[in-house]
There are 2 protein chains.
Amino acid sequence: MSEAKSYRYIGTRPVRPDGVDKVTGRAQYGADQNLPGLLHAVFVRSPHGHAKIKRIDTSAAEKMVGVHAVATGADFPKVGREAIVGGEGAGDFADLATNVMARSKVLYHGHAVAAVAATSQAIAEAAAAAIVVEYEPLPVVLTMDAALAADAPLLDEHQFTKGLAEKPTKPSNLASYLEFKRGDLAQGFAEADVIVERTYTTSTVHQGYIEPHACTVRVNEDGQAVIWCCTQGHFDVRTQTAKVLGLNMADIKVIASEIGGGFGGKTTVYLEPVGVVLSRKSGRPVKLVMTREAVVRASGPASASRSHLKIGAKKDGTITAMYAKLEMEAGAFAGSPVAPAAMCVFAPYKVDNFKIEGYDILVNKPKVAAYRAPGAPQALYASDSLMDELAEKLGMDPIDLRLKNAASEGVQATYGPKFPRVGFIECLQAAKAHPHYTAPLGPNEGRGIAAAFWFNAGMQSSAHINVNDNGTITIVEGSPDIGGSRASMALMAAEELGIPYESIRVQVGDTENAGFCNTTGGSRVTFATGMAVIQAARDVIGQMKQRAAAIWNVDADQVEWDDGQAVPKPGQNIDVKPLSFGQIAAQSGRTGGPISGRASLNARGPGPSFSVNICDLRVDPETGKIDVLRYTAIQDAGKAIHPSYVEGQMQGGTVQGLGWALNEEYVINASGVMENAGFLDYRVPVASDMPMIDTVIIEVPNPSHPYGVRGVGETPLVGPLPAAANAVKAATGVRIAHLPLSPPNVLAALEAAGK
Amino acid sequence: MSEAKSYRYIGTRPVRPDGVDKVTGRAQYGADQNLPGLLHAVFVRSPHGHAKIKRIDTSAAEKMVGVHAVATGADFPKVGREAIVGGEGAGDFADLATNVMARSKVLYHGHAVAAVAATSQAIAEAAAAAIVVEYEPLPVVLTMDAALAADAPLLDEHQFTKGLAEKPTKPSNLASYLEFKRGDLAQGFAEADVIVERTYTTSTVHQGYIEPHACTVRVNEDGQAVIWCCTQGHFDVRTQTAKVLGLNMADIKVIASEIGGGFGGKTTVYLEPVGVVLSRKSGRPVKLVMTREAVVRASGPASASRSHLKIGAKKDGTITAMYAKLEMEAGAFAGSPVAPAAMCVFAPYKVDNFKIEGYDILVNKPKVAAYRAPGAPQALYASDSLMDELAEKLGMDPIDLRLKNAASEGVQATYGPKFPRVGFIECLQAAKAHPHYTAPLGPNEGRGIAAAFWFNAGMQSSAHINVNDNGTITIVEGSPDIGGSRASMALMAAEELGIPYESIRVQVGDTENAGFCNTTGGSRVTFATGMAVIQAARDVIGQMKQRAAAIWNVDADQVEWDDGQAVPKPGQNIDVKPLSFGQIAAQSGRTGGPISGRASLNARGPGPSFSVNICDLRVDPETGKIDVLRYTAIQDAGKAIHPSYVEGQMQGGTVQGLGWALNEEYVINASGVMENAGFLDYRVPVASDMPMIDTVIIEVPNPSHPYGVRGVGETPLVGPLPAAANAVKAATGVRIAHLPLSPPNVLAALEAAGK
């Protein structure tokens, strides 16, 4: 379904510019930077889930031949509530600094305590093993109930709950509380003919990116640092590293490598500030690469959650009230995604009476990071499961129930603003009309549907365009390409300028040669950086018209740009032949010099994204094992600039969501030690686990973007959690309110239900 | 002497931004790029000065283990007069292509015939030695007389002299002829009371840059090439490589490394197209590094010259006529710098009757390249030596003679335009007033003075500026920094923006992330790229004013920029505190996004540069050895942005010029083989050879530049040739009309003169 204007380049599927280098091994990833004199770093990590650090003795390590630097918390600027370095940009830098390198306490198993840089990995490992750390173990807080217990051991004695109506009188593991509400909740439930209510829980999961965190850092005697790393946002790496170390950001240049997956997990620093300390101390470049085990134990997984929800509706399906209590684990430092979870949990629906409460809770686990629509999968798993229960209780088709209550243009979202034009109803209609929705099912098979939502982000982006005198151009922008954005940028520029896609090269610049771009996240890049590219192209067109006017000896306002060429405006009676982009570029030297365009913006109106998923699966009653049989993901992309990459996002997100729904979880023992720290035991879906994921792109243009683009990257992860859960209910008759739906969990639930 | 406006940053001498990395070995030069799977290339070069290539057999080399690719002329697109690839930009690409890799003939000893890429340098050398080339030797043409003889062997049978009044009927080694004239030469000489006339000759010399030509090239299966190389102009490397290979320039990215000297010699390609061929054939990255011997034999030295000059003057010193016949060796392909030589030879003087003829002559030597004011040292060596003879004959002080005839504002230059404001008279006056000019001399000591000139270049440059939200900025421009231009760019931006030099980083971008810049040459960068930086800064200021206006809720035209802050325009009665650059930058996100500025231009009015040099030296009558005792270089810089780097240019140019004057020359045997191909035998001055070079910067602002900048890099090389020759005459009484003034040459001349 498309309300397409006619485009020449947008909507086509050319080969991605970075493809060949990526499949031939030429592309440089985080660990691929090598320099003369390079040292290799190894971390010492906490063997305890919670402990005081009594003493660190690095003397034996420092004496070892080949060891050039050892870093501990003592090498970092002091932190503490009173010594937060700054307030802008990336949150609480004291927490970040303490997460990067533990100070007086370790707060989770795997927390970095020291690091060694040596001439070989083997020497660094031996030296790390020679560092003596004396701990005083403390009680480990591993669940939200334990964290909120009256006598709970405190992760941070200076942590007072934020957001409460009354000022707290004593410290707490509850980092913050939030509340969204509108209308009269009690009245809403009183008006309901039917009420459903349930508590849903999810486990800690990891983004599972293939490439571990990795960087190489070089600091010179002037204090000028260069960092090569894999990241979703090198400008944020610069800010965070500067803040953690108290440096001037201008002294840090960050060069983003290609990235082997991030999904939100590569939006914060773990290694880079440590690399700066080690390189500064040693005078040598230092490479830091996490092991897979370190990635899982000590980067930022997604929050485990507990969501208690209640929905009331009239017999015709009209929702009268919605309530959610969302509790999310932050890990060792404040900052779960409970706020976006609260924004999203009821966002697909129009409801006058609702209340959403959010709890951000500290536990002795690694600090969580963003994971593809952070907070939304956990929250919508709960709400869209409960919507399914409501449909069942009402005896309504689940799509009809959603259509009855669907958010649409002008509806005031539960998170505040009125929706602009959105494509939720179109997605629901497409799902209902899709052959998949009415295809027959076999024994032990079930079909679930789910609706999903992500608000998408705009934020700051910059782009500039350099025009070559043979009519080709280069676009330089600062958004790491995590999903084909080079191709999308080139397509939008081709459309604006009227020149072939093949004439365009796109470079992801570093923090010096590219204008500032916020991190690649929030599904913002095609929308916001794309808009910067479009504006930079228009800056170029303005100059092209001026140059054409100079060649024709007329005024620039007598010239217009039409499909890749300058032409006289109608009615100007100027007897000239059109000048193509390439012709004007070839004459740029004599008409004033090279042509370049620039744009930067803080993009507003990213355009919310909705999807509807249909999931068929079979539950083996003997083992509890689930096989996904068929999956259709339907999503409003606004406008798909490069449809293959939109489909890729939908397919990839679906598979990640199914992994979260069906198998993935951190298995953490009573001491706080994760027991499945590797891809053998932490089971992400592989190709043979999955059917082909069918996709349907809906195109309801975002009115805030010249081409109607909405972000597409995150919404796809959300639907699979409730869709799979609803399908399991359909297949088994049992509502399992905990993820993952792994064989032991499913089998236990079936047995408990007497099946 | 200075007509200085008051500046805060310009004219100061801060530390250069690239200094630490250069002195600590971190800076990456041409050979410092290493990649996985790197191959090393070795060339097969001609053992003949002139020969037909009958057959090349690469089969043995290709079979050797470790050899991945062999390239010969057959791997390149066909060339020939009828197959010139293109016409724009960098001259005759067929000649360039044939110089890069010989086709049917070799034209000089050392001409590249084949190249091998192998897994090690040793294997590549062995394989190169296994390539069999069968030659048919041809007579070697080594002098201009031999080249112009009626029955001379032809280097190129398709070469017809260009520029003659009558169309030539047969091919010739005279590639081109040119003529500049004005007035009535015969009448001018008839009016003269005194006439001087002499023929001066100079030898082939080399720029003597420390860093050999080097590059690493990687081509992928898509045909996308990346070239890392040391060059004065990576955009030209891109153009030339594309033209030589018939590629789309957009498929070639060139990254300029730091450069260990160029002086004009790194403005053309030798290795890069061969690297593309070898990498394409092998599928691997290839590193190509010239040996010192290859640099001297097969890169681009400076032309040997023969200049016959005649000057007539009245008794009071007024010049009535000037004549010059300038003959210069082009080497194996057309293109000596005889045109700029002709532009410069009489440029310092006002003269109504003159004629200048130029001859560009092919000989079997490597094709010459630019060398710091190309053509001017040879030409002004002759004219300023003859001016000295004229002064002597007139019994005039040589500075007074020059003052009598000095070019100044409004005088029509011998090369065409009327001079804008120039500082020649100021330099002459400063020389005359300098204590050096009247200091006593001892036995066998002499003092020479010389005037020098270079017209300087403007050309195309681009710059963009990215503003960080902490108030620091990065400038990205595309001019390789060969003389401290990063510091100069930062100083000019600091002055414009009113922010500290330390807040500014300057990056030399690659051909994709920087806007187009012509090659660093012609003393153009501080002038032209500097002007682009200034304009980009003004673009930033425009936006800063808009942002301040938005913060104050006033119109942008009510705001002005004053010394680093936005203030309300006087009389606007707006009650606000000024907003600093940093304050506005910090709020850029909420006022519209990041701030960046851009500019590109084709710079006009570079501003001619004059200098006057005073040279004291002692000639050992026993050995002919010359010791330079004292040297004062006086030069009009227009405005010295960073005086230390202006002084550095003056000192470095002087020393190179003294090397050319006193010792340097290609010793070429009768077979065309250079016999002194290394720094042991090709004698460049070392520190112990030289006194401290004193400098006096004159500042007569160039009216075409916002800060009055004139180019300074090339003029310093010109004066030392005539200054040293004139000093030798003063010390010995003998006019030696040939350079170098090496001990054997001086001794022979003294003996011939009976001294």
Side-chain angles (χ1 to χ4, degrees), chain A residues 17 19-21 24-26 32 34 36 88-89 218 220-222 224 242 248-250 253 283 459-462 464 466-470 472-474 476 502-505 507 509-517 532 539 586 588-603, chain B residues 17 19-21 24-26 32 34 36 88-89 218 220-222 224 242 248-250 253 283 459-462 464 466-470 472-474 476 502-505 507 509-517 532 539 586 588-603:
Chain A
V20 164
D21 282 351
T24 56
R26 287 188 180 84
D32 289 338
N34 294 303
E88 54 174 287
R218 192 189 70 184
N220 75 7
E221 286 76 4
D222 255 356
Q224 307 267 330
N248 174 0
M249 70 161 83
K253 171 158 86 174
M459 306 175 74
Q460 299 184 63
S461 283
S462 305
H464 67 267
N466 294 317
V467 179
N468 297 319
D469 67 6
N470 71 346
T472 59
I473 69 166
T474 303
V476 182
E502 292 72 21
S503 295
I504 301 171
R505 302 290 178 268
Q507 188 177 109
D510 62 38
T511 54
E512 294 192 345
N513 60 42
F516 181 82
C517 287
D539 185 15
S588 59
R590 71 169 194 85
T591 59
I595 295 172
S596 62
R598 61 147 175 82
S600 48
L601 47 81
N602 193 339
Chain B
V20 165
D21 282 351
T24 56
R26 287 187 180 86
D32 289 338
N34 295 301
E88 54 175 287
R218 191 187 70 184
N220 74 7
E221 286 77 3
D222 255 356
Q224 307 267 329
N248 175 358
M249 70 160 84
K253 171 158 85 174
M459 306 175 75
Q460 299 184 63
S461 283
S462 306
H464 67 267
N466 294 316
V467 179
N468 297 320
D469 66 7
N470 71 346
T472 59
I473 69 165
T474 302
V476 182
E502 291 72 21
S503 295
I504 300 171
R505 303 289 178 269
Q507 188 177 111
D510 62 39
T511 54
E512 294 192 345
N513 60 43
F516 181 81
C517 286
D539 185 16
S588 60
R590 71 169 194 84
T591 58
I595 295 172
S596 62
R598 62 148 173 83
S600 48
L601 47 81
N602 193 338

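Proteins get letters first, then strands, A, B, ... in listed order; numbering begins at 1 in each. Keep in mind the model is a prediction, meaning the values are calculated, not measured.
- Not one N or O on the side chain of B:Arg505 forms a donor-acceptor pair closer than 3.5 Å with the backbone of A:Glu512.
- Pairing each heavy atom of B:Ala250 with each of A:Asn470, the nearest pair is N-ND2, 4.2 Å.
- A donor-acceptor pair is defined here as one N or O able to donate and one able to accept, closer than 3.5 Å; no such pair exists between the side chain of B:Arg598 and the backbone of A:His464.
- Once rounded to the nearest 0.5 Å, the distance linking CG of A:Asp21 with CZ of B:Arg218 reads 5.0 Å.
- In this structure, no portion of A:Ile473 lies under 4.5 Å from any heavy atom of chain B.
- The two residues B:Asn602 and A:Arg590 come nearest to each other via the heavy atoms ND2-N, 4.3 Å.
- Each of A:Gly589, A:Ser462, A:Gly515 has some count of heavy-atom pairs under 4.5 Å with chain B, and the biggest count is that of A:Gly589.
- Contact tally against chain B (heavy-atom pairs below 4.5 Å) for A:Gly597, A:Cys517, A:Ala603, A:Pro36: the top residue is A:Gly597.
- The contact between A:Ser461 and chain B is made entirely by backbone atoms, counting heavy-atom distances below 4.5 Å.
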Residue pair A:Gln507, B:Asp510: steps toward the side chain to side chain contact (heavy atoms under 4.5 Å, CB included) verdict: CA-CA 11 Å; A:Gln507 188 177 109; B:Asp510 62 39; 3.6 Å; yes
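- Contacts between A:Ala514 and chain B at a heavy-atom distance below 4.5 Å involve the backbone alone (N, CA, C, O).
- Inspection of the A:Asn34 and B:Asn34 side chains reveals no N or O donor paired with an N or O acceptor under 3.5 Å.
- Only the side chain of A:Thr24 has a heavy atom closer than 4.5 Å to any heavy atom of chain B.
- Distance check: A:Arg26 CZ to B:Asp222 CG gives 9.5 Å after rounding to the nearest 0.5 Å.
- For A:Asn466, the part sitting under 4.5 Å from any heavy atom of chain B is the side chain, from C-beta outward, and nothing else.
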